[in-house]
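Notes follow the structure.
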Amino acid sequence: MAYSITCTDAGQDCAFAVTAPTEEELMQHIQMHASVGHPGMELTPEKISQVQSVIRTV
Ligand SMILES: [Zn+2]
């Protein structure tokens, strides 16, 4: 099993997609991508829980 998310899932108009073996690793990839791809987006606790709610297991 792996964890997967796309920026589209999180409501962003962006083709970024990532899959990771753990939710922790997935969140690290998301934070890295957000700082590079969405410099204006703040990862507030609300944003993080919104992101976590759309994580899919594959
Ligand atoms: Zn993105």
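All heavy atoms count here, side chains included; hydrogens, waters and symmetry mates do not. None of the values given here were measured: they were computed from a predicted structure. Residue numbers start at 1 and run along the sequence shown.
- Cluster partners of V54 are M1, Y3, I5, F16, V18, L26, M27, I30, M41, L43, I48, V51, I55, counting Ile, Leu, Val, Met, Phe, Trp and Tyr whose side-chain heavy atoms approach within less than 4.5 Å, directly or via other members.
- Applying the side-chain contact (heavy atoms from CB on, under 4.5 Å) criterion to T6, with sequence neighbours excluded, gives T8, D9, A17, R56.
- Residue pairs satisfying the side chain to side chain donor-acceptor pair (under 3.5 Å) criterion with at least one member in residues 25-39, sequence neighbours excluded, are listed as follows: H33-H38.
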